[in-house]
Each structure stands twice: as C-alpha cells, then as structure tokens.
Amino acid sequence: MSDNFDAETLALHTGIHRSQFNEHSEAMYLTSSFVFESAAQAAARFSGAEPGNIYSRFSNPTVSAFEERLAALEGAEACVATSTGMSAILACVMGLLSAGDHIVASRSLFGATVNLFDHILRRFKIETTFVSATDTAAWSAAVKPSTKLFFLETPSNPLTEISNITALSEIAKKAGVWLAVDNCFCSPMLQKPLSLGADLVIHSATKYLDGQGRVLGGAVLGKRDLLMDGGIFGFLRTAGPTLSAFNAWVILKGIETLKIRMDAHAAHAMEVANWLEKHPNVSRVYYPGLPSHPQYDLAKYQQKSGGGIVSFEVKGGREAAWRVIDSTRLISITANLGDAKSTLTHPASTTHGRISQEARDAAGITEGLLRMAVGLEAVKDLQADLTRGLS
Ligand SMILES: *Cc1c(COP(=O)(O)O)cnc(C)c1O
C-alpha cells in the first residue's frame with residue numbers, strides 16, 4: 001500500500017490479497033494446514049528456502065492480513081499476531097529475554113501484566129523492578145547491567161497516567177535496552193509509540209481493535225529483525241499461542257471502523273469527564289483530555305485525543321463505588337474495555353484485586369475508584385445511568 005494513504009484508508013484496504021474468487025470482503029481461511037504440490041516443495045517450505053504457508057500455528061493468510069494491516073497503522077516493519085494481549089507480552093519476553101535478565105516496568109500496568117512479571121517470570125529468574133510511570137529519572141536509576149527491557153502502558157490502567165515515550169526511549173537507547181509500549185488504550189489511531197522512539201508495541205486486540213467485545217487477540221509490532229530473527233516469532237510458532245483465523249477475521253472487520261469509533265469514544269469520554277468533574281459526589285476525575293490532568297500537555301503532544309477511558313473517585317469509598325455500579329441499568333458491569341457498549345469496573349476488587357494491597361496503594365488504586373470505558377451510547381443516557389448511583 002502507498003505510504004501516502006491516511007490511517008482510515010489503510011484500515012480498510014491494507015492486507016487484502018484476493019483469492020481466485022475475487023471476494024470483496026477478506027476471506028476467512030479456516031484451515032489447520034496447507035497442501036504442498038510435491039515432497040520437494042514441502043521440504044523447501046519447511047527449510048525456509050521457499051516462502052509460503054505450512055501450518056496455521058506458524059502462519060495463516062487471514063492472520064497475515066491482520067498483521068499487515070496493524071503494521072501499516074502503527075508504522076511498523078513487522079507484526080506478530082498472538083492469541084491474546086497477555087500472550088503478546090509473554091511472547092515478547094520469552095522471545096527476547098533469558099534467565100538472569102532484568103526488566104524495568106511501570107508500576108501502573110494491567111493487573112495480569114503485573115502478575116506475569118512479578119510472579120511467573122520471577123520463577124524463571126527474570127526479575128522486574130517496578131517504577132513510577134511518570135518519574136523518568138526513576139527508570140534511569142533502576143537500570144542494571146542485566147536490564148534488557150523497559151515496559152509501560154500509556155495512558156495507564158486505570159489512572160490514565162501518561163509516560164513520556166520520547167524521554168524514556170532516549171534513556172533506553174543509552175542503556176542499550178528495548179522499550180516496549182502497550183498501546184491498548186489509544187490504539188494506533190490516537191498514538192503511534194514507534195514514531196516516538198519505542199522499539200516494540202504491544203496490543204490486546206481484544207479491546208478497541210475488535211471494538212465490539214467479541215473475540216480475544218493480541219499482537220507485537222516493531223522492527224523485522226527484532227520480531228522475526230529476535231525470537232518473538234520463533235517463540236510463537238514453537239510454543240503456540242497463535243491467533244485463530246476466525247478471530248483475526250473478526251478483528252480485521254473491527255479495524256475497518258477503528259478511526260470513527262476512537263473519535264466517538266473520545267468525544268463521549270470528554271463529555272462524561274467534564275460532567276463528572278462538576279459532580280458534587282465525585283472527588284477526582286482522571287482523564288488525559290481534561291486540563292486538570294497532571295500530564296495534560298504531554299498527553300496533547302503524544303496522543304490525538306484523551307481516548308475512551310475515564311476513571312473517577314467517588315466520595316464514600318468502596319460502599320459508594322459499588323452503589324454506583326449496582327445502580328446502573330444501561331452500563332455493563334464487566335471487566336472488558338474498548339467495547340461499543342460502556343463498561344464500568346471497580347479496579348480494587350476486580351482487575352487489580354489479585355495484586356497486593358501494598359502494590360495497589362502504591363499505584364493509587366483506592367476503594368472509591370471506578371473505571372469507565374465510555375462506549376458509543378448517547379452521553380445523556382450514560383449520565384442518567386450514573387446519576388442514579390451518584391446521587
Ligand atoms: C486487556 C489488556 C491486556 C491483556 O489483553 P488480553 O487480550 O485480555 O490478554 C493487556 N494490556 C492492557 C492495557 C489491557 O487492557
């Protein structure tokens with residue numbers, strides 16, 4: 001595809017390789033394996049002498065279409081699709097790191113990512129030091145000779161803290177470590193970490209890329225040598241957390257409308273955030289599009305908008321927070337985000353419930369905190385739904 005096309009055009013037209021039937025919509029290739037013309041061709045495919053599909057754990061045309069499309073949107077040389085966002089993070093670590101290596105990670109990560117780094121990887125002698133998402137100097141100070149990877153999410157979940165990608169990429173380059181950014185909250189329509197200096201981008205395609213809460217998926221993006229020779233693809237084809245062709249197809253359809261959805265999510269979230277900020281029973285609102293956000297200027301530089309996630313603290317702790325949730329009739333009580341339908345969660349007792357109280361306190365996840373992934377419903381209907389519990 002031409003580099004001159006805008007993102008919304010690339011989202012519709014990249015990765016389409018029509019079959020002999022000339023289908024307009026992408027074909028869904030539900031097949032475990034691919035047939036060879038001869039024993040010699042089979043041997044050539046397996047040895048890598050001849051490019052082409054072998055077995056869907058390694059590659060599949062529908063999955064490749066998803067990889068091509070997401071790579072075009074992120075401005076990446078290569079993309080490796082995975083079964084979930086968590087397996088994208090795992091593939092990244094297993095592909096690039098070994099026992100004895102060290103990770104510096106943001107303290108404000110998705111709960112499962114914290115558990116993966118803090119508990120599972122530690123058993124395999126990969127240590128992680130957690131630092132503040134926003135204190136750039138702390139990242140420098142945490143670097144050891146064995147450090148291989150910086151890992152962050154921006155905006156963070158659930159407090160929407162903004163990490164300075166450019167500043168951290170400069171520290172990473174000087175230290176000779178890779179910087180990986182989980183770009184789940186913004187999607188490439190609002191933020192392109194590689195253009196800001198990151199080496200790797202992680203996605204949970206389960207969220208905005210699908211956009212309608214249907215399937216799980218993930219991806220790692222970056223330079224071809226890092227992904228294909230660096231071991232990430234090697235881990236995937238050997239260990240097997242592969243994206244299914246069916247899920248890839250669903251996500252391809254989701255990506256077609258990503259631009260207009262992200263713009264609508266952000267516009268609705270901005271309205272909800274402004275309204276919550278004026279509500280007498282709300283003590284604090286976390287949204288990068290609000291001038292009251294501590295990193296408002298940085299967010300404005302890094303992101304095209306504030307995105308779709310608004311977190312807010314209600315007065316009265318857990319009891320008051322749960323009352324807001326339990327009084328909703330429209331907003332879904334569910335942990336997912338990035339769905340067309342609005343969702344509401346109490347992070348302290350759900351997504352961040354398995355991490356220690358100490359870690360929760362350090363991350364600022366209080367008992368009164370609620371996280372809303374603002375959907376595509378009319379804003380006045382969302383406000384009415386929240387008002388019942390808030391008042
Ligand atoms: C959901 C999420 C993940 C994990 O993705 P799954 O597809 O659920 O495995 C990782 N990072 C962030 C920021 C997420 O929101």
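If you read the sequence from its start, that first residue is 1, and numbering goes on from there. Atoms considered below: every heavy atom in the structure, side chains included; atoms not considered: hydrogens, waters and symmetry mates. As the structure lists them, so they are numbered: ligands from 1, and atoms in each ligand from 1.
- The shortest distance between side-chain heavy atoms of I333 and T343 does not fall below 4.5 Å.
- Ligand 1 has no nitrogen or oxygen under 3.5 angstrom from a nitrogen or oxygen of F110.
- Contact atoms of ligand 1 toward T84: 7 (O), 9 (O) (distance under 4.0 Å to a heavy atom of the residue).
- Given atom 7 (O) of ligand 1, the protein heavy atom at minimum distance is T206 OG1, 2.6 Å.
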task = For F151 and F117, run ring-ring contact (aromatic ring centres under 6.0 Å, His included): C-alpha distance rounded to whole Å, both residues' side-chain angles, the deciding distance at 0.1 Å, then the answer.
result = CA-CA 10 Å; F151 193 98; F117 287 0; 5.2 Å; yes

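- Here the shortest heavy-atom pairing between Y208 and G308 reads OH-CA, 3.5 Å.
- Under 4.0 angstrom from ligand 1, the non-hydrogen atoms of M86 come from both its backbone and its side chain.
- A cation-pi contact, defined as under 6.0 Å to the ring centre and within 45° of the axis, is absent between R107 and F130.
- The single protein non-hydrogen atom nearest to atom 1 (C) of ligand 1 is K207 NZ, 1.4 Å, given as residue, atom name and distance.
- Few gaps surround NZ on K253; more than 12 heavy atoms of other groups in view lie less than 6.0 Å from it.
- Which parts of ligand 1 touch E153 is read off a 4.0 Å heavy-atom cut-off, strictly below it: atoms 13 (C).
- Between the side chain of T62 and the main chain of W249, no donor-acceptor pair closer than 3.5 Å is present.
- Close contacts between ligand 1 and D182 involve ligand atoms 10 (C), 11 (N), 12 (C), 13 (C) [criterion: under 4.0 Å to a heavy atom].
- Checked against the 6.0 Å centroid threshold, W139 and F150 count as a close aromatic pair.
- An N or O contact shorter than 3.5 Å is missing between N157 and ligand 1 by distance.
- If you check which protein heavy atom lies closest to atom 8 (O) of ligand 1, you get S204 OG, 4.2 Å.
- With a 6.0 Å radius and a threshold of 12 heavy atoms from other residues, nucleotides or ligands, R18 has its CZ atom above the threshold.
- Under a 4.0 Å criterion applied to the non-hydrogen atoms of G85, ligand 1 contributes the atoms 5 (O), 6 (P), 7 (O), 9 (O).
- In summary, the atoms of ligand 1 found under 4.0 Å from a heavy atom of G217, numbered by their order in the structure, are 7 (O).
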